[in-house]
Structures are given as C-alpha cells and as structure tokens.
Asker: 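Quick one: structure below, then a few questions.
The sequence lines fix the lettering, A, B, ..., with proteins before strands; numbering per chain opens at 1. Note that the structure is predicted; figures quoted are calculated from it, not measured.
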Amino acid sequence: MKIAVCIKRVPDMESRFRITGDGKSVDEAGLKFDMSDFDGYAVEVALQMTEKLGQGEVVVVSLGPDAVQEALRKALSMGVARAIHLKTDRVPVDGFAIATALAAELRSGGYDLIMFGKHAMDSMNGVVGAMTAELLGLPNVNSVSKLEVAGGKGTARRELEGGAEILEFPLPAVVTIDEGIARPRYPSLKGIMAAKKKPLESKPVQLIAPRLEPTRTELPPERQGGRIIGEGVAAVPDLIRLLQTEAKVL
Amino acid sequence: MPNVLAFAETRGGDLRKVALESVTAARKLADTQGGEVHAMLVGAPGIGARADQLGRHGADVVLVLEHPALAQHSAEVAAATVAARVKASGYDAVIFSASAQGKDLAPRVAAKLGVPMGSDVLAFQRTGGGIEVKHAGYASKVIHTLMLTASPAVLSVRPGAIPPAESPKSGRVEAVQAAMDPGSAKVVVKEMVPGRAGRPDLGEAPVIVSGGRGLRAAENFRLVEELADAFGNAAVGCTRAVADDGWRPQSDQIGQTGRTVSPRLYIAVGISGAIQHLAGMRTAKTIVAVNRDKEAPIFKVADYGIVGDALEVVPVLTAAVREAKKGH
Ligand SMILES: Cc1cc2nc3c(=O)[nH]c(=O)nc-3n(C[C@H](O)[C@H](O)[C@H](O)COP(=O)(O)OP(=O)(O)OC[C@H]3O[C@@H](n4cnc5c(N)ncnc54)[C@H](O)[C@@H]3O)c2cc1C
Ligand SMILES: Nc1ncnc2c1ncn2[C@@H]1O[C@H](COP(=O)(O)O)[C@@H](O)[C@H]1O
C-alpha cells in the first residue's frame, strides 16, 4: 500500500491578519504556519491505514517556496516515510496551476491512494484534489468522513446536506478528507529526531501561467456585538421584544 | 459564444432549491451580453418533467439526460456529460452551486476543460478582463476579489448568495446523451443515509439554534431541539467539542472545520465562542448568546446576550417564542 498525501502550509488561522500594501493579499510576514487542518487529518488517516495493514509507505508532497519544507518535516516527524518538495517561488491562487504540477509529480509514483484535504484553510476552495484526480484520470471521492480500504477497493462516507452517501471505488483512487475522520497525532521527540534523517527531496517545478489572480483583499467590518441584555429567565421578554422590533427576525 | 450553462441539481427525483439559484445566477451573467441560458438536468426517466420550473427561472433550453442508472447521482457521469457539452457547444460560463454536489462536480468539470475556477463565490460580475468574483478566505476572516480570466469561466456559487428569481423563458427541452455509459462509472453509491427528517439543512435554514458543551449532557440537546421546533423553520447546529463527544453528528458541526452558515438568526446556547466556531457563523445577521459566564467570548459578537444557565433560560425562551409565533 503506497499512499501520497498532498499538504499545504498555511498560516495559523487564529492570527490577526493584515493586508499587504498593494491591497491584494494577506500579508503573511511574521505569522505562524502549520500544515492545513484537513491535510493533517489526511496524514493521520494514511498513517493509521499503513499501521493497521502492517505494511506500506506514506509519502507527503507540498508545493511552494523553501518554507513549505517545515510542514513536510512535521509530517515526517509524525511518522511519514519520505517527503517531496515541489519548489516554486510562490504558491499560486490558481488551484488548477497547483493541480497541474501535483499531477505531473504523482502520475508516475505508483500510488494506490492519493489523499488531499477537503479544502485548504487559506484558499477555502476545495478544488485541487478533484482537479488532480481528473488530470490523473483516477476515481475520486470528495469530503470523506469515513474511509476503509481492503482488497484493492475503498469504501467511503461523504456528508451531504441533510444526509450522507456511502460510495465504493476501485484503487488507485483520489480522496479528499473532511472533519470527523481523525485528529492528527503530535510528533513525539523520537519522531522529531527520526525525521531529521528521513529523505526530503526538493525539485524545482515550472507552474503554468495563472488565470485566477487576486485583485483585492479586504477584512470584513468587525461585528458590532457585545450587548448583554440581562441575566437569567428575566431577560427573555426583552429578548423576544428585541427580536421582534429591532432585529425583525421573529 | 455568450451562452451560459447551469447545472440543475436534483435529489431523489426533485430539483433542489440551489438548482433554481444556479439558473438565476446564469441568467444574470447571460443577460449582461445577450446570451442564452442552458440548464443541464440529469436523472432517472421522468426527470425531464422538472424542466418547466427551470424555464420559469430563466432557462432558454433545458438539456435533459435521462437514464435508469441515474436515479442515483453519479458525479462521474454528470461531470463527463457537462464537460462534453461545453466542448461541443461552447459556453462562456458554467455555473454550479457550491453545495455538496456542486462542489464535487465543478472542479472535475473545470479540470476536464483545462481551466481554473471560482469556488464558493459570494458575488460575481463580468468585467472587461474576465469575470470578477468575491470569495471568503483564511477561515472566512478575509474577503478576496479574484479575477478569473480563463474561458469558459467555471463558478460554484455559495447557496443563498443568489436567491431564485423568476424570469420566464421557454425552457425548451433538448435530450442529451450521457458522455459515458452510466453503468460503467467506477465510483458507485452503495447506500444513501437519510438525515433527520423535518429540519431544513444548516446551509438553508433562516434560523439556527446551536448548542455547545454548556448544555452539560447529550440528552439536554432536547431543549435545543424544542427551541428549534418553536421557530418551525430552524436547523440545529453544534460545536466541535460536542460533536467530538458524540452528542451530535459531525455533520451538525459549525465552524472552521465544519459548516459555514449565515442564517438570519443564530442562537448560541452554552457555546464559549472559540475563534474556530466564530469562523463558521460570524456572518449571521443576528446572533443571540446564552451563556453562564459573562466573560465568554461569544458575547463579543452577540447582538443580544443573556447571562444565565441554559437549562433554565432555554425552556422559558422556547415557550415565549411559541407564544410570539401564535400572535402572528
Ligand atoms: C484546528 C481546529 C479546528 C476547530 N474547528 C472547530 C469548528 O469547526 N467548530 C467548533 O465549534 N470548534 C472548533 N474547534 C474547537 C474550538 O477551539 C473550541 O474548543 C470549541 O468550539 C468549544 O466548544 P464549546 O463552546 O461547546 O465548549 P467550551 O469551550 O467548553 O464552552 C462551553 C461554554 O458553555 C458555558 N456554560 C457552561 N455551563 C453552562 C450552562 N449551564 N448554561 C450556559 N452556559 C454554560 C461555559 O461558560 C462555556 O463558555 C477547532 C479547534 C481546532 C484546534
Ligand atoms: N501548494 C500545495 N501543495 C500541496 N498540496 C496542496 C497545495 N495546495 C493545495 N493542496 C492540497 O489540495 C487541498 C485542497 O486545496 P484547495 O483546493 O486550495 O482548497 C489541500 O487541502 C491540500 O491537500
């Protein structure tokens, strides 16, 4: 069982974000970074799968500048066997450009399963996984909240609005991982030491010309909340009145 | 070619509301340059009967693909057929809803066409250089304006962002063939797991009553359910803490790693208001919070806060809402 997990390095979403001088993007200088949440779940799912099978290899792939090696190292310290850094000078906003580069790397890797996050926490797009699957011509299931693999076949649960579906598919396949499936383990000290000796291959890649580019990025106005109308059940009549007359939602 | 193609989403043989939203969105885009709207409708034999509703919302042509195997949605067949149609007929834009189904289909279609896409778009506008879209990023803490210069422009539009509007057009039905044998799809739906009946989806509900660990025990969610029932049109949400504890299904989770919602009214009961929870609900029109701790961060975003024990306040609130509803 050979599994690839594509991980993106993103800023800590608890940060207070600022906009760059040109008004186009988020200023990422000085922020803390980590692998994107759902990507961490995907790494955990992959590790658990190979641990359960008692065989197999998990490989992580990340595209971006040298700084993404930090996220790759973290995955190595969680237990991943090796890492591939697709080196570019920036991470494009255009998800198709990312997918094209990832697909070119993954095509000849002989992977049984290729995993992605449902979406990256910064882009919030949810497109790179499915696009990569298409480019590779592989079966694809997105937003998976349960996953089992046995005998060359996979079974996945996917949440829908008001319900879910259970899908079956042959391997090799591409899945994107949703909430509820696993929480990433913390790297152990031993894992961190071991990671230093694990292979991390860095190779330059050429991106196709972007056709989706930011022209402006804004911070939405802060909510004007903070009004406590009272304490306990005594405040209920006031709340009803405000919902009727002021908010007009009742 | 100035025509716009909209994907008309169905479930269980019926159009979903987002199908009408997609057609409405396509109409807006087509009207800016005098193009037609074509809607793609896929399902079991008989689904074509839904075409008139799409016509009423602005579809000039309804492309109907009927096949017995398509009683069950197949993303593979739908994506292949939409992409084949776009390649054969040429469209200026292809519109999906950013629903579960649309988010799954749109990037497949875009990749088959070799183009990027605007995902989960809040608003869009045609400009000289292409199509400009608004999109929330960074855990919904920023709003990006992005320029999409690829042709065709593939978009998935946030449910609720473009409410369905009538704009009667002929809705002429044209039968189309599947671009692949529906029986040969590699991914097959083995089972549909129904949700709880009688409640709107979190993404569509005008009112959401949401509970956190402050409810103390799974069985106390009954109070939240009853408050939702009193509103009549409310959905029930929860925090990750509660979903992790198994009190509620993960699909009810609202926040950074759960659903993103913008109802008219969001009532947070026993929820601390962690930044990851706020990421999913801060765009609600009105926020009410009930929390025992007056320092809880949820009060910083709440329009109306009540400091108190949820187990005492919620039943009284439920009775008062019932009473207020009766008065209407
Ligand atoms: C990467 C990551 C992603 C996350 N994603 C999400 C997400 O998508 N959604 C999400 O919700 N969380 C998410 N979290 C978790 C989040 O940080 C919080 O831990 C969680 O939201 C807390 O849930 P809570 O408010 O139910 O519980 P607590 O934080 O424990 O709050 C309980 C509240 O109830 C109040 N209370 C107690 N008793 C009563 C009573 N009797 N009556 C009234 N009030 C009472 C308390 O004062 C307290 O404010 C994420 C965390 C991480 C690290
Ligand atoms: N630069 C990148 N390097 C590696 N994987 C990526 C990159 N960008 C996105 N991904 C993967 O694609 C998923 C979806 O990203 P997105 O479509 O941007 O929401 C992420 O969760 C990652 O698994």
Asker: B/Val321 versus chain A, heavy atoms under 4.5 Å apart: side chain, backbone, both or neither?
Answerer: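 Contact with chain A involves both backbone and side-chain atoms of B/Val321.
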
Asker: About how many Å separate OG1 of B/Thr145 and CZ of A/Arg216, when rounded to the nearest 0.5 Å?
Answerer: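 Output value for this atom pair is 4.0 Å.
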
Asker: Any residues in residues 14-32 of chain A near chain B, with a heavy-atom distance under 4.5 Å, and which are they?
Answerer: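 Interface residues of residues 14-32 of chain A: A/Glu14, A/Ser15, A/Phe17, A/Val26, A/Glu28.
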
Asker: For A/Val233 and B/Glu312, work out which heavy atoms get closest and say how close.
Answerer: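 Shortest heavy-atom contact: CG1-O, 3.5 Å.
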
Asker: So which heavy atom on B/Ala111 is nearest to which on A/Leu135, and how close?
Answerer: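 The pair with the smallest heavy-atom distance is O-CD2, 4.4 Å.
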
Asker: Do A/Glu231 and B/Lys294 meet the salt-bridge criterion of a basic N to acidic O distance under 4.0 Å?
Answerer: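 A/Glu231 and B/Lys294: not salt-bridged.
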
Asker: Tell me, side chain or backbone of B/Val115 under 4.5 Å from chain A's heavy atoms, or both, or neither?
Answerer: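 B/Val115 touches chain A through backbone and side-chain heavy atoms alike.
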
Asker: Counting distance only, does the side-chain N/O of A/Arg211 pair as donor-acceptor with the main-chain N or O of B/Ser151 below 3.5 Å?
Answerer: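 It does not hold such a pair.
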
Asker: State whether B/Lys190 and A/Glu165 are salt-bridged, where the test is any N-O pair (Lys NZ or Arg NE/NH1/NH2 against Asp/Glu carboxylate O) under 4.0 Å.
Answerer: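 So B/Lys190 does not pair with A/Glu165 through a salt bridge.
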
Asker: Please report the shortest heavy-atom distance between A/Gly180 and B/Gln250, naming the atom on each side.
Answerer: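 Looking at all heavy atoms of both residues, the shortest contact is CA-OE1, 3.3 Å.
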
Asker: Taking B/Val187, B/Thr149, B/Asp120 one by one, which has the highest count of heavy-atom pairs under 4.5 Å against chain A?
Answerer: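 Looking at each option in turn, the highest pair count goes to B/Val187.
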
Asker: Heavy atoms only: give me the nearest A/Leu212-B/Met117 pair and the separation to one decimal.
Answerer: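 For A/Leu212 and B/Met117, the tightest heavy-atom pair comes out as CD2-O, 3.6 Å.
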
Asker: Picking from B/Asp244, B/Thr283, B/Ile143, B/Leu265, which has the most non-hydrogen pairs under 4.5 angstrom with chain A?
Answerer: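 Ranked by contacts with chain A, first place is B/Ile143.
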
